[in-house]
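Bear in mind that the values here come from a model prediction, so they are computed numbers and not experimental data. Letters A, B, ... mirror the listed sequences (proteins, then strands); counts begin at 1.
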There are 2 protein chains.
Amino acid sequence: MKAKISDVAKIAGVSPTTVSRVLNNRGYISKETRENVYKAMKEINYFPNDIARSLFNKRTNLIGMIVPQTSNPFFGELAFHIESICASLNYKVLLCNSLNRIDKEKKYVEMLIRNQVDGVIAVTYNRGIFDSESQSLPVVAVDHYLSKDIPTVSSDNYSGGKQATELLISKGCKHIVHINGPLKLETPANLRRKAYENVMKKDRKQPITYEISNTFDRNIQRETISKVFEEHPEVDGIFASDDLLAALVVAEAQKRGKNIPRDLKIVGYDGTEASQTLLPGLTTVQQPIESIAQTAIDILLKEIEGEFSNIPREICLPVKLLEGQTT
Amino acid sequence: MKAKISDVAKIAGVSPTTVSRVLNNRGYISKETRENVYKAMKEINYFPNDIARSLFNKRTNLIGMIVPQTSNPFFGELAFHIESICASLNYKVLLCNSLNRIDKEKKYVEMLIRNQVDGVIAVTYNRGIFDSESQSLPVVAVDHYLSKDIPTVSSDNYSGGKQATELLISKGCKHIVHINGPLKLETPANLRRKAYENVMKKDRKQPITYEISNTFDRNIQRETISKVFEEHPEVDGIFASDDLLAALVVAEAQKRGKNIPRDLKIVGYDGTEASQTLLPGLTTVQQPIESIAQTAIDILLKEIEGEFSNIPREICLPVKLLEGQTT
DNA sequence: CTGAAAGCGCTTACAG
DNA sequence: CTGAAAGCGCTTACAG
């Protein structure tokens with residue numbers, strides 16, 4: 001049997017109330033009593049039951065974190081930073097991999113509510129996940145706008161798309177193609193694409209965009225990329241909306257005997273540690289993942305503390321163009 | 001205020017007991033009552049408080065998962081599979097990033113105990129994390145042996161190291177160097193190294209191993225790799241104990257104008273989706289990450305259910321050599 | 001400085 | 001088929 005507070009009390013010769021007070025450093029307690037209680041706790045290896053505490057306090061110090069998939073380095077890195085920062089603030093993180101599927105997201109939200117999380121950080125591209133049932137639940141959206149009631153933290157996707165496209169143009173590319181994820185999901189990729197289109201038009205170039213219908217199936221991605229080369233043999237620049245996609249482009253280009261960057265220039269997006277290590281030559285737009293995590297947590301904690309007043313609606317953090325050998 | 005069971009009871013015109021029975025599908029309940037209760041729950045948007053349930057049931061359906069760092073694709077992928085499988089089994093996952101630091105690991109274990117997790121899956125290379133206080137806590141160790149009481153799931157690191165080394169030899173390498181992570185941590189890398197040494201000796205070659213003192217500092221890793229080339233200009237084969245390290249080797253070799261695989265052949269380890277996408281040409285030993293996750297969960301659930309009898313002590317899953325263009 | 005009592009939201013014997 | 005009571009492990013007014 002696990003030790004409980006009454007066991008400690010018995011051994012220390014005090015009441016459970018007193019033990020609780022020692023535990024919580026509340027009220028006056030004689031030094032002697034305090035020491036006795038500590039000794040008793042040591043003796044029977046007592047650890048407070050945080051479940052019971054939470055029930056009383058109506059505060060769990062639990063945060064729900066919904067991401068598409070931690071195996072994607074961007075989300076893996078984001079999850080790492082979010083959890084690390086939370087841990088340092090004495091918050092615990094319940095991990096949820098949604099695969100961007102709305103049914104899973106809804107189930108996760110319900111699960112988080114049932115578990116009385118204090119708040120949720122969600123990287124989700126489906127609207128309406130946080131509807132009726134979760135009105136009073138503090139939520140921060142990362143990477144995409146969810147609703148006017150939910151603060152959003154993202155990086156400057158438009159600027160990133162703009163910088164990427166302008167770089168390709170400045171390097172002399174004439175036929176630039178953009179490849180992005182599923183548009184039906186309102187991902188940040190849409191803003192990157194928008195920027196690409198605007199820059200292209202401004203430069204009197206024809207925007208050509210391809211859409212990957214499924215973010216999680218490499219073969220579909222490969223097929224789409226292959227189609228780009230088939231349908232646009234003249235392509236000399238590709239802006240891919242994430243680094244994994246860019247890596248697939250690199251592979252396909254090499255397979256087709258193209259010299260990078262001479263025949264084809266490539267820019268990715270995200271600039272995670274993993275992609276910068278595994279494919280260090282890739283030119284990419286780097287997102288400030290740690291800042292995103294920190295900012296999201298700052299805002300969420302404010303919401304949790306009930307500081308509705310000075311919570312910013314939308315925070316957009318700067319990105320950084322990393323020039324490698326693919327441009 | 002959040003709705004509670006007594007609110008539902010009042011609206012449905014029954015006692016809390018009855019609502020609870022409907023919720024848990026226990027005992028006989030007239031169809032009419034059941035429907036009234038459901039209607040009431042809908043009406044006030046009631047969700048059971050799992051914290052309160054857990055307190056009574058002494059069962060949280062919570063699993064603690066300790067990994068070094070989800071930003072490393074291997075652990076990000078493992079975390080993804082573990083959480084996904086857990087979710088399908090109605091378990092929730094508390095994420096812990098330990099950075100392999102024993103102080104953090106100990107804190108996390110205490111936190112998990114306080115939160116009454118039903119069990120822990122730990123990828124940890126420091127012994128003695130699960131000591132006295134956690135005797136009765138179900139634990140599964142992944143990727144490394146922790147103690148004789150704790151079941152271990154890993155992949156066949158020795159075979160992987162053997163296959164990697166033999167491949168390099170069979171491709172004609174004469175001077176093969178092995179680079180691995182910190183040896184003071186009893187990581188699986190040690191077995192890979194052991195296999196390398198044995199194969200080398202059997203082939204009457206001199207094993208040469210380098211140790212990376214810090215897994216999380218790319219610069220230290222780069223320096224060590226640089227030293228390999230300085231001290232062993234004759235090197236024509238390198239077996240790196242993970243793919244990220246292998247990628248750094250590739251980069252350094254290219255910087256030094258070496259042609260891969262002509263002048264230098266490289267084998268990595270892990271074969272994650274991310275590394276296979278970002279660096280698809282890398283020859284590597286692929287770990288069966290999803291199977292590792294599944295097996296660890298199977299065993300943990302058995303421990304949780306108290307089936308001590310047929311729990312295997314150690315499970316070792318097969319690895320797969322993936323030949324790319326670096327050998 | 002310390003303790004008995006009530007209650008956090010739920011569930012389960014027990015009784016009817 | 002349904003309800004009143006007790007209890008999961010804790011904390012906090014309240015009283016002394």
Side-chain angles (χ1 to χ4, degrees), chain A residues 1-38 40-41 44-62 110-118 133 136, chain B residues 1-38 40-41 44-62 110-118 133 136:
Chain A
M1 248 358 254
K2 261 176 198 157
K4 48 195 182 185
I5 219 169
S6 58
D7 300 322
V8 177
K10 219 166 284 171
I11 293 177
V14 295
S15 72
T17 309
T18 301
V19 177
S20 170
R21 266 199 286 264
V22 171
L23 240 30
N24 295 286
N25 253 315
R26 247 204 242 328
Y28 293 92
I29 289 156
S30 75
K31 206 175 157 188
E32 205 194 326
T33 310
R34 182 184 302 273
E35 277 163 8
N36 282 339
V37 169
Y38 277 127
M41 298 197 310
I44 58 171
N45 229 301
Y46 171 77
F47 289 99
N49 181 331
D50 274 352
I51 293 290
R53 283 180 150 178
S54 297
L55 182 59
F56 186 91
N57 294 327
K58 294 163 173 292
R59 196 70 146 56
T60 54
N61 271 36
L62 260 181
E110 186 181 323
M111 178 278 274
L112 295 172
I113 290 175
R114 284 167 176 258
N115 281 276
Q116 316 298 116
V117 295
D118 292 341
E133 67 263 21
S136 59
Chain B
M1 250 355 256
K2 262 175 197 158
K4 49 195 182 186
I5 219 170
S6 59
D7 300 323
V8 176
K10 218 167 285 170
I11 293 177
V14 296
S15 73
T17 308
T18 300
V19 176
S20 172
R21 267 200 285 265
V22 172
L23 238 31
N24 294 289
N25 253 317
R26 245 201 245 329
Y28 294 92
I29 289 156
S30 75
K31 205 174 158 191
E32 203 195 328
T33 311
R34 182 184 301 274
E35 276 165 9
N36 281 340
V37 169
Y38 276 126
M41 297 198 311
I44 59 172
N45 229 301
Y46 171 76
F47 289 99
N49 181 331
D50 275 352
I51 293 289
R53 284 181 150 178
S54 298
L55 182 58
F56 186 91
N57 295 327
K58 293 160 175 294
R59 196 73 145 56
T60 54
N61 270 37
L62 260 180
E110 185 182 323
M111 179 276 274
L112 295 173
I113 290 174
R114 285 166 176 257
N115 282 276
Q116 315 297 116
V117 294
D118 292 339
E133 67 261 19
S136 58

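- You'll find that the side chain of Leu23(B) is closest to dT11(C), out of dG9(C), dT11(C), dT11(D).
- The phosphate of dT12(C) has OP1 or OP2 within less than 4.0 Å of a side-chain N or O from Arg26(B).
- Taking atom CD of residue Glu35(A) and atom P of nucleotide dC1(C), one finds them 14 Å apart after rounding to whole Å.
- Remark: Ser30(A) is in phosphate contact with dT2(C), judged by side-chain N or O atoms under 4.0 Å from OP1 or OP2.
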Inset, instruction - Begin with the C-alpha distance, continue with both residues' side-chain angles, and end with the deciding distance and a verdict on side-chain contact (heavy atoms from CB on, under 4.5 Å) for Arg53(A) and Arg114(B). - result: CA-CA 10 Å; Arg53(A) 283 180 150 178; Arg114(B) 285 166 176 257; 3.8 Å; yes
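- Within the structure, a side-chain polar atom (N or O) of Asn24(B) is placed less than 4.0 Å from OP1 or OP2 of dT11(C).
- Rounding to whole angstrom units, OH of residue Tyr46(B) and C1' of dG9(C) are separated by 7 Å.
- In this structure a side-chain-to-backbone donor-acceptor pair under 3.5 Å is present from Asp118(B) to Asn61(B).
- The interatomic distance linking Asp7(B) (CG) with dC10(C) (P) rounds to 9 Å, in whole Å.
- Side-chain proximity of Asn57(B) to dT11(C), dT11(D), dG9(D): nearest is dT11(C).
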Inset, instruction - Test Leu23(A) against Tyr46(A) for side-chain contact (heavy atoms from CB on, under 4.5 Å), laying out the working first. - result: CA-CA 11 Å; Leu23(A) 240 30; Tyr46(A) 171 77; 3.8 Å; yes
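- Applying a 4.0 Å cut-off to non-hydrogen atoms, the residues of residues 10-18 of chain B that approach DNA chain D are Val14(B), Ser15(B), Thr17(B), Thr18(B), listed by residue number.
- Here Ser6(A) lies out of heavy-atom contact (under 4.0 Å) with every strand.
- Residue Thr33(B) is the one, among Ala52(B) and Thr33(B), whose nearest nucleotide of DNA chain D lies closer to the 5' end (criterion: closest heavy atom).
- dA5(D) atom P lies 17 Å from atom CD1 of Ile5(B), rounded to whole Å.
- Among the atoms of the strands shown, base atoms are found under 4.0 Å from some heavy atom of Arg21(A).
- At a threshold of 4.0 angstrom between heavy atoms, the contacts of Asp50(B) with the nucleic acid are absent.
- In DNA chain D, runs of at least 3 consecutive Watson-Crick or G-U pairs, each pair with both distances below 3.5 Å, span C:1-3 with D:14-16, C:5-12 with D:5-12, C:14-16 with D:1-3.
- Proximity note for Lys58(A) (side chain, C-beta onward) versus dC10(D), dT2(D), dG9(C): the nearest is dG9(C).
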Inset, instruction - Evaluate side chain to side chain donor-acceptor pair (under 3.5 Å) for Asn36(B) paired with Arg34(B), printing each intermediate quantity in order. - result: CA-CA 5 Å; Asn36(B) 281 340; Arg34(B) 182 184 301 274; over 6 Å; no
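- What separates CG of Asn49(A) from C1' of dG7(D) is a distance of 14 Å, to the nearest Å.
- Residues Lys4(B) and Asp7(B) are not paired through a salt bridge, judged by the lack of any N-O separation under 4.0 Å between the basic side chain and the carboxylate.
- Contact record, Ile51(A) with Ser54(B): CG2-CB, 4.2 Å, taken as the closest heavy-atom pair.
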Inset, instruction - Please test Leu55(A) against Asn49(B) for side-chain contact (heavy atoms from CB on, under 4.5 Å), starting from the C-alpha separation and ending with a verdict. - result: CA-CA 9 Å; Leu55(A) 182 59; Asn49(B) 181 331; 4.2 Å; yes
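- Looking only at distances, a side-chain donor or acceptor of Thr60(B) sits under 3.5 Å from a matching main-chain atom of Gln116(B).
- Computed from coordinates, the Arg53(A) CZ to dG7(C) C1' distance equals 17 Å when rounded to whole Å.
- When heavy atoms are screened at a 4.0 angstrom cut-off, Ser20(B) is found touching base atoms of the nucleic acid.
- Summarising the geometry, the separation between CG on Leu55(B) and P on dC8(D) is reported as 9 Å, rounded to the nearest angstrom.
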Inset, instruction - Determine, step by step, whether Ser20(A) and Thr17(A) satisfy the side chain to side chain donor-acceptor pair (under 3.5 Å) criterion, reporting the C-alpha distance in whole Å, the side-chain angles of both residues, the deciding distance to 0.1 Å, and the verdict. - result: CA-CA 5 Å; Ser20(A) 170; Thr17(A) 309; over 6 Å; no
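- Side-chain contact check for Ser15(A) and Thr18(A): at least one donor-acceptor pair (N or O, by modelled atom type) lies under 3.5 Å.
- Within the 4.0 Å cut-off from OP1 or OP2 of dG9(C), not a single side-chain nitrogen or oxygen of Lys2(B) is found.
- When rounded to the nearest whole Å, the span between CZ of Phe56(B) and P of dC8(D) equals 9 Å.
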